[in-house]
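A, B, ... follow the sequence lines: proteins, then strands. Residue 1 opens every chain.
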Protein chains: 8
Amino acid sequence: MTTPYKRLDKSQAAVLMVDHQAGLLSLVRDIDPDKFKNNVLALGDLAKYFELPTILTTSFEDGPNGPLVPELKERFPDAPYIARPGQINAWDNEDFVKAIEATGKKQLIIAGVVTEVCVAFPALSAIEAGYDVFVVTDASGTFNEITRHSAWDRMSSAGAQLMTWFGLACELHRDWRNDVEGLGTLFSNHIPDYRNLITSYNTLTSGK
Amino acid sequence: MTTPYKRLDKSQAAVLMVDHQAGLLSLVRDIDPDKFKNNVLALGDLAKYFELPTILTTSFEDGPNGPLVPELKERFPDAPYIARPGQINAWDNEDFVKAIEATGKKQLIIAGVVTEVCVAFPALSAIEAGYDVFVVTDASGTFNEITRHSAWDRMSSAGAQLMTWFGLACELHRDWRNDVEGLGTLFSNHIPDYRNLITSYNTLTSGK
Amino acid sequence: MTTPYKRLDKSQAAVLMVDHQAGLLSLVRDIDPDKFKNNVLALGDLAKYFELPTILTTSFEDGPNGPLVPELKERFPDAPYIARPGQINAWDNEDFVKAIEATGKKQLIIAGVVTEVCVAFPALSAIEAGYDVFVVTDASGTFNEITRHSAWDRMSSAGAQLMTWFGLACELHRDWRNDVEGLGTLFSNHIPDYRNLITSYNTLTSGK
Amino acid sequence: MTTPYKRLDKSQAAVLMVDHQAGLLSLVRDIDPDKFKNNVLALGDLAKYFELPTILTTSFEDGPNGPLVPELKERFPDAPYIARPGQINAWDNEDFVKAIEATGKKQLIIAGVVTEVCVAFPALSAIEAGYDVFVVTDASGTFNEITRHSAWDRMSSAGAQLMTWFGLACELHRDWRNDVEGLGTLFSNHIPDYRNLITSYNTLTSGK
Amino acid sequence: MTTPYKRLDKSQAAVLMVDHQAGLLSLVRDIDPDKFKNNVLALGDLAKYFELPTILTTSFEDGPNGPLVPELKERFPDAPYIARPGQINAWDNEDFVKAIEATGKKQLIIAGVVTEVCVAFPALSAIEAGYDVFVVTDASGTFNEITRHSAWDRMSSAGAQLMTWFGLACELHRDWRNDVEGLGTLFSNHIPDYRNLITSYNTLTSGK
Amino acid sequence: MTTPYKRLDKSQAAVLMVDHQAGLLSLVRDIDPDKFKNNVLALGDLAKYFELPTILTTSFEDGPNGPLVPELKERFPDAPYIARPGQINAWDNEDFVKAIEATGKKQLIIAGVVTEVCVAFPALSAIEAGYDVFVVTDASGTFNEITRHSAWDRMSSAGAQLMTWFGLACELHRDWRNDVEGLGTLFSNHIPDYRNLITSYNTLTSGK
Amino acid sequence: MTTPYKRLDKSQAAVLMVDHQAGLLSLVRDIDPDKFKNNVLALGDLAKYFELPTILTTSFEDGPNGPLVPELKERFPDAPYIARPGQINAWDNEDFVKAIEATGKKQLIIAGVVTEVCVAFPALSAIEAGYDVFVVTDASGTFNEITRHSAWDRMSSAGAQLMTWFGLACELHRDWRNDVEGLGTLFSNHIPDYRNLITSYNTLTSGK
Amino acid sequence: MTTPYKRLDKSQAAVLMVDHQAGLLSLVRDIDPDKFKNNVLALGDLAKYFELPTILTTSFEDGPNGPLVPELKERFPDAPYIARPGQINAWDNEDFVKAIEATGKKQLIIAGVVTEVCVAFPALSAIEAGYDVFVVTDASGTFNEITRHSAWDRMSSAGAQLMTWFGLACELHRDWRNDVEGLGTLFSNHIPDYRNLITSYNTLTSGK
């Protein structure tokens, strides 16, 4: 009766980044800004590293919500980019759904701002439409711990899997031997403690 | 086997505000008073904005529990108002249930003080009676995080959906184009960060 | 598929207080001692007030675990008292189970120290034996938030309902009109904020 | 529809300790290092005390992840030790699974670093393979509370039982009379508050 | 240049309890209500135990601030009781200062609600008037940690000594041999952990 | 050798509000936005209520820092308003210092964003220039608790007094009898718990 | 006018360990028990390592306070051991002061339980008597953060220096070259993160 | 008698970065690693931007403490770099002091790992030697809040000024007009919220 092990497969997965906009980010107060920025960019780098089809979308980007953060635009110059004219649930936007269908993937990795709206709404719609949904909890932000917990509970009850960018990377990669260098670089760039381990290791094994 | 996506529809929803009384509010210690007051009034404004039928009820308002907070009375001068003579679970009061039935709505949005009693009891009864229940976690308050978590767990296990006022507003509104001005005003009045975004935006785009 | 509303009924409920012993209490660090003592005694007073059959049990009380706290003994001089010779799960003690069966009740309210053992083990056994189980989360204590969350998750997944003493009292009482004075006294004795409301109310309505 | 009471039985259980490596431990920030070290060693001592078959495994131990902590190696000199050449999910390593099958046990107790990867992946695989899984939440560490909560939610939804080392020990032991001295020593060595109770008790009952 | 050791002497000290009123107590949110009530009553019991002259005062007790909590009135039926007609700083009330002068004491122990006003103002005035001031930090409450820290900083910078009721009791008592029973009872009544130690000790040394 | 009691006197005090700008407010993360907005407006209302000369200043208001929040502009339409062309320490701006000197006051009440810069710099300069400085800690915001503590320590060491808006109001008012209605309204508008006390009191004493 | 740099010198320092008794330790709730035990034993090991004269004292050790923890007794079999018959401030006990004078040291390192009494009282007395006092904040425990902060403030205002065991060890050692092995062992035994660094380093530089 | 306003002057200041080494960084647990890394690099960038003479030093960098983090080395290829052979207090190293003297500066900005040793020791020595010391609290890390608070208290009592990198930058820069672009870039690179303000501003004022 419980959720079976839905395991991520890099040949089956696509990434949806929803409303990481310069204005909306000032609403995020459940994760420290330095850490949140790092998590979002780590997810971006991960998507590129595993060559997962990635879809960007924004809400009202010409108004107070502000533009998509430039770092994401730069990472995905050729990705489908849906500037929604008004739909709050991205799934209500036909172009967005078509872009997802065009990837042919059935495992959707979703992150966004704010969690209980920009993430939860398309996550619930995607589950209803038959997709497996993986929420990137640490690359999604919201007002406070009450709004976060409520969003997590609603999505988890509906069958979404709560994951974080590091877990995603590990589940997608499967085996270090597929590319030690690549995965190590991803971790080194986004986990200071891991970078320190590598620095010390390299110093000791190869001299300065 | 999981909860399907029960999506709020403004033509199907009614709001129940249970026991937001001046005395009982002194029991609320899991949310800061400034924030809690804001959340409750935001829910009130939201109910008015979407013209959702709203029902007010109080418990023993002539005793130490104190009167309904005046700001809610003022917002809903014509709403059904059930001053319960003794029933702790509002659903045990016939007039309350009749008022709900009179709305003809099947989606019930519930908030109140304290969460594990005034919210949880009618929420569980409403589910049993076949309604879809949406708990407004941030407009419901209680003694501490243990009482809160216990209440959330009991309601979530029974199929209630945990939401917050901002998520409710977004799910009810569906599309900014339905009324940009109106939703923007609601957010500006109850989210200081959003108001600041709008202030800066307006200053830059239209001059002072 | 979700847990239906199992509503407490004072004619159907019994209370189990497991291992609230003077030594073991020094292990409780997830709730402040002043508050925890108050919660445990509130549960004791509640059981007496509603005349619920109550069963006391201890583990190894002649060793370092220490004696049952005297305040509980004094409240229940005639209650079944099972000093278990060694069984960690109280349900493994035949006398304990017989004492429960002798009450003829099917709704079991359980509290104890520590939550993941003295509460969780008999709670899981009772569910397996067909009882409805209501865990009193705030009258049960443990080492820290990790042990607490793990215990709550295990019990909730098995169908136990997480409640607190205040919620229990309200659900058992149903209607203030059954006895305003009695319930008010219970709250006044164990909720300082409520006592203050009553003090102010009485002063204003009846003179000093 | 809920998880039934899967009760640990010392004749049925095996312990898997996954990636408690000197380098990886610097990533653990959701539990204080003094406490985490104590919890991991308590689990090790518990496994030895109950003579549970125990399997050790590491990931890339010659690189920055570092060697298994010496205290675990010393406790289990003859245990199967699988230094995985690259598989991130230990269950993807044939030798690891064979070592488990060789124990003939169907109840798997799992702890590791980090929770959402080294614990969650084999836990989910083990459930899929038909095992009963017991996660030792306090002997498993990760980056922060978001990664921890996400990992717990994913495992709990899949049917894993969240436990802690103290609960494990109590459920495995069943009855103090099986060996008062042994269990008391385990607790005294790893719970300072319990040791203090015993010190005071011994002083009073047997003189200094 | 630093504050010398101003040591409390029970023959030199008086206690001022300022504005512990039923209404004002709902403003206290930096200490949990169960704990705060205990601390205030412990201070009351301590004052009686050491027979320190004690002065009670209230602000506007016939209005929303509410009456002095009855437990304090009962403890000090004959103490000077100054219901201030309007002065916010109790030191601005002549009767209050005269009552202090009448005690002939030069060490003033002050507690009250709220810390930054009802405690800080008379504390600063008393220092200016040449008294040694001891603030009872845990029997004084306020809105939050910012208001508390600010109040402590202002008073400490002016030379007030920050103490708590337990420290006061110990410094006043000097030597357990002056009265073991009396001090033990005070601690047992207000420190659950200490009561448990005594319960276990008594059980072991004198039988049940 | 300690700071003497520098007591606020409404005939001697002026208020400086420094850089409460729509953009800069998004940097404030040591106080929740709902509470911070309330504190800043409470300070504004307090300044008006006591008719204290008030000076507004902004930093680079035509750039990303954004305009002064409109609520402050509206409250002080005729106040000196210094839009600094570049000076970070407002005291380096001659017009600002002249505006202060023009008030003829020697007690300066300062609040601003962010605490360690916009508040601390002019506070330290003002002390150097011979003024008595009162920092409004809860109407000043900054990045986090480390930046806040550092700022408080630097200012307190230099002789600034740390206060909060409520303490300021009480010290300035001295005696309720000067104007019960006015002070009560100020508190009712900015302290929900106090408003509830008044609501209950009024209901009981004058009927609905 | 500020406290000058009083630098610890191992030829000038003595250590006072006050009331680390098995019963009293159950009162310590401002530091987690695993960490606190580690800190106290680290201080003990440090005293032995630097061969500092060490004095042990207890309060009422035959009553509920319980015996000195055995680990300290074992570490200092020949140290002066003053079981005080009743004095709460150890400095009031002549034997204690004589034992200190007998060491001929003028720098006193003090730790104990509870901080605001057993540490603060002798610390203040020692300062008054002309000693330099170094409080070991992390080997001293108390009820909660309010009691701790109050104790720290009182001692710091009187000129005591707040330090922790790690800082003490570093200041006493001065130069790693005095004994790399010895200091490294002390750190490895009491700082899990440091032990991990050493484990990884040794593995890489000397092979397993 | 209080600390006067010692104002930073970019022509008078030098920066000391002490022991930011890859191994030692794993000991830092009072600041999140993402944030701490950012703070340290922000301090580095600030030193370069203001062209402050900067001195790097390490402790035992060939052992477990590990090498200086490469990002700092790269930023200061020509800075004095003192790899101390053993002295724990960097001030005990003659080369270090000479390097400082060679700068001719009297205002020393100090950051390092860990706060109570590598920062506090040279800070106290520098004050003793007549320098003005500015501690960068948020670019200095340590084990926990107790060690941090103790270190801050000791340094502040000795006259050190507690600052953070943002405050330093603002006090050094004095006036935005000195270089809007440069300071803006520094902030944009190290304060995500500030970068978002700039992104929105630029988008609105110059088009995408």
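In this structure, chain F has a heavy atom under 4.5 Å from the side chain of Glu128(E), while its backbone stays farther away. With a threshold of 4.5 angstrom between heavy atoms, Asn144(E) approaches chain F through side-chain atoms but not through N, CA, C or O. No part of Val135(F) comes within reach of chain E, as not one of its non-hydrogen atoms sits under 4.5 angstrom from that chain. In this structure, chain F has no heavy atom under 4.5 Å from any part of Thr115(E). Of the two parts of Leu183(F), only the side chain, counted from C-beta on, holds a non-hydrogen atom closer than 4.5 Å to a non-hydrogen atom of chain E. No part of Phe187(F) comes within reach of chain E, as not one of its non-hydrogen atoms sits under 4.5 angstrom from that chain. Only the side chain of Arg29(E) comes within contact range of chain F, with at least one heavy atom under 4.5 Å from a heavy atom of that chain.
To the nearest 0.5 Å, atoms OH (Tyr194(F)) and CG (Leu27(E)) are separated by 7.5 Å. Here Gln161(F) contributes atom CD and Met155(E) contributes atom CE; the two are 12.0 Å apart, rounded to the nearest 0.5 Å. Expressed to the nearest 0.5 Å, how far CD of Gln87(E) lies from NE2 of His173(F) amounts to 12.0 Å. In this structure, Ile146(E) CD1 and Asp138(F) CG are separated by 6.0 Å, a value rounded to the nearest 0.5 Å. Rounded to the nearest 0.5 angstrom, Trp165(F) CH2 and Glu116(E) CD are separated by 10.0 Å. Between Tyr5(F) atom OH and Ile127(E) atom CD1 the span is 10.5 Å, to the nearest 0.5 Å.
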*side chain to side chain contact (heavy atoms under 4.5 Å, CB included) assessment of Asp175(F) paired with Ile88(E)*: CA-CA 5 Å; Asp175(F) 195 310; Ile88(E) 295 179; 5.9 Å; no
*asked:* Working note: Phe143(E) + Ile191(F), criterion side chain to side chain contact (heavy atoms under 4.5 Å, CB included); need CA distance, chi angles, decisive distance, verdict.
replied: CA-CA 10 Å; Phe143(E) 300 98; Ile191(F) 306 176; 4.0 Å; yes
*Stepwise, does the side chain to side chain contact (heavy atoms under 4.5 Å, CB included) test hold for Phe121(E) with Arg174(F)?*
CA-CA 10 Å; Phe121(E) 292 179; Arg174(F) 298 278 169 104; over 6 Å; no
*Apply side chain to side chain contact (heavy atoms under 4.5 Å, CB included) to Ser26(E) and Leu197(F), showing your working.*
CA-CA 9 Å; Ser26(E) 77; Leu197(F) 291 176; 3.8 Å; yes
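Formation of a donor-acceptor pair under 3.5 Å by the Tyr201(F) side chain with backbone atoms of Asp62(E) is found in this model.
Ranked by heavy-atom pairs under 4.5 Å with chain F, the list Ala120(E), Pro85(E), Ser59(E) is led by Pro85(E).
Contact record, Ser156(F) with Asp153(E): OG-OD2, 2.8 Å, taken as the closest heavy-atom pair. The two residues Arg154(E) and Lys6(F) have their closest heavy-atom pair at NH2-O, 3.2 Å.
A side-chain N or O of Thr137(F) and one of Ser150(E) form a donor-acceptor pair less than 3.5 Å apart.
When each of Thr147(E), Val114(E), Thr142(E) is tested with Phe166(F) by the rule side chain to side chain contact (heavy atoms under 4.5 Å, CB included), just one qualifies, namely Val114(E).
Remark: Lys35(F) does not engage Glu145(E) in a salt bridge, criterion side-chain N to carboxylate O under 4.0 Å. The pair Arg7(F)-Asp92(E) counts as a salt bridge, with a side-chain nitrogen and a carboxylate oxygen less than 4.0 angstrom apart.
Side-chain atoms of Pro64(E) and Ser200(F), non-hydrogen and from C-beta on, never get closer than 4.5 Å to each other.
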